[in-house]
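Everything below concerns the one structure shown next.
Count residues from 1 along the sequence. As the structure is a computational prediction, the values presented were derived from the model and not from experiment.
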Amino acid sequence: MTRNKRAFRLTMLGVLCTGLLLVGIGAGVAFAEYSSFTYAGQRVPGNAQAQSQSITAALDPEAEQIRIFGAGNRLSDRLLETARIEVDEDQEPGTVRLDLQYQSIGPKIYASWNDAETGNTIRLYWAGGSDVELLLAYKDQVLKDIRSHQIGDYVTGQLTEAVITVNPADEMKIVLD
């Protein structure tokens, strides 16, 4: 009986050591795989659609300055990077036209201006889109990126170009913020 206990203990010790060895090998392989991943940067999932939009807003005639800004850091940063102001004699005085190009998997860019909340500003913001559509688009993109050993910062939409057109009389009023 003592011999059976001893044999059982040695067998269990062997099983424990084998298990620890396999766990160590698995952890090493997992760490090696994790270490091989690269950062893919900020990206819109691959099935995003290129969209364009034109928004015309009336300017406050008494305002000395009209701020145009994006709500949220991501939209604000992209607006500052991509926007350019163009002066056009044909643009009606007292108005501004924003021609926006962006990629999105659902949300659209909207604007609010000259209301009680924003004052003498034009605020651009993302809104809309289906949560299920976003979930499926992100799932597909994340799985594709994992297969290619990348991971990124996935966004629902990205502004690619913004052209702000004003009449020469209003040019000095426009400030990008």
I would like to know whether L80 and L176 meet side chain to side chain contact (heavy atoms under 4.5 Å, CB included); could you show each step before the answer? CA-CA 7 Å; L80 290 173; L176 291 174; 4.0 Å; yes

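In this structure, E92 places its CD atom where only 12 or fewer heavy-atom neighbours from other residues, nucleotides or ligands lie under 6.0 Å away. Sparse packing is recorded around OH of Y34, with 12 or fewer heavy atoms of other residues, nucleotides or ligands lying under 6.0 Å away. By the neighbour-count criterion of 12 heavy atoms within 6.0 Å, atom CD of Q42 is densely surrounded, having more than that number from other residues, nucleotides or ligands. For M12, the CE atom sits in a packed shell: over 12 heavy atoms of surrounding residues, nucleotides or ligands are nearer than 6.0 Å. The number of heavy-atom neighbours closer than 6.0 Å to CG of D131, taken from other residues, nucleotides and ligands shown, is 12 or below.
The OG1 atom of T18 sits 9.0 Å away from the CG atom of L13 when rounded to the nearest 0.5 Å.
Hydrophobic clustering of Ile, Leu, Val, Met, Phe, Trp and Tyr side chains at less than 4.5 Å, counting indirect connections, unites L79 with I85. Cluster membership for Y125 and V96, using ILVMFWY side-chain heavy atoms within less than 4.5 angstrom, is not shared.
Proximity of a side-chain donor or acceptor of R78 to a complementary backbone N or O of L159 within less than 3.5 Å is detected.
If you run side-chain contact (heavy atoms from CB on, under 4.5 Å) between I122 and each of D177, I164, L59, only L59 comes through. For the side-chain contact (heavy atoms from CB on, under 4.5 Å) with L100, the lone residue among I109, V163, T160 that qualifies is I109.
Minimum interatomic distance between G70 and S76 (heavy atoms only, all atoms of both residues): O-CB, 3.3 Å. Between E133 and G106, the shortest heavy-atom contact is OE1-CA, 4.1 Å. The two residues Q53 and Y102 make their nearest non-hydrogen contact at OE1-OH, 2.9 Å.
The side-chain heavy atoms of L124 and L75, taken from C-beta on, include a pair separated by under 4.5 Å.
Its side chain within the 4.5 Å cluster rule, V44 clusters with F37, I105, L134, Y138, V142, I146, I151, Y154, V155 among the Ile, Leu, Val, Met, Phe, Trp and Tyr residues.
Here D145 pairs with R43 in a salt bridge; the nearest charged N to carboxylate O distance falls below 4.0 Å.
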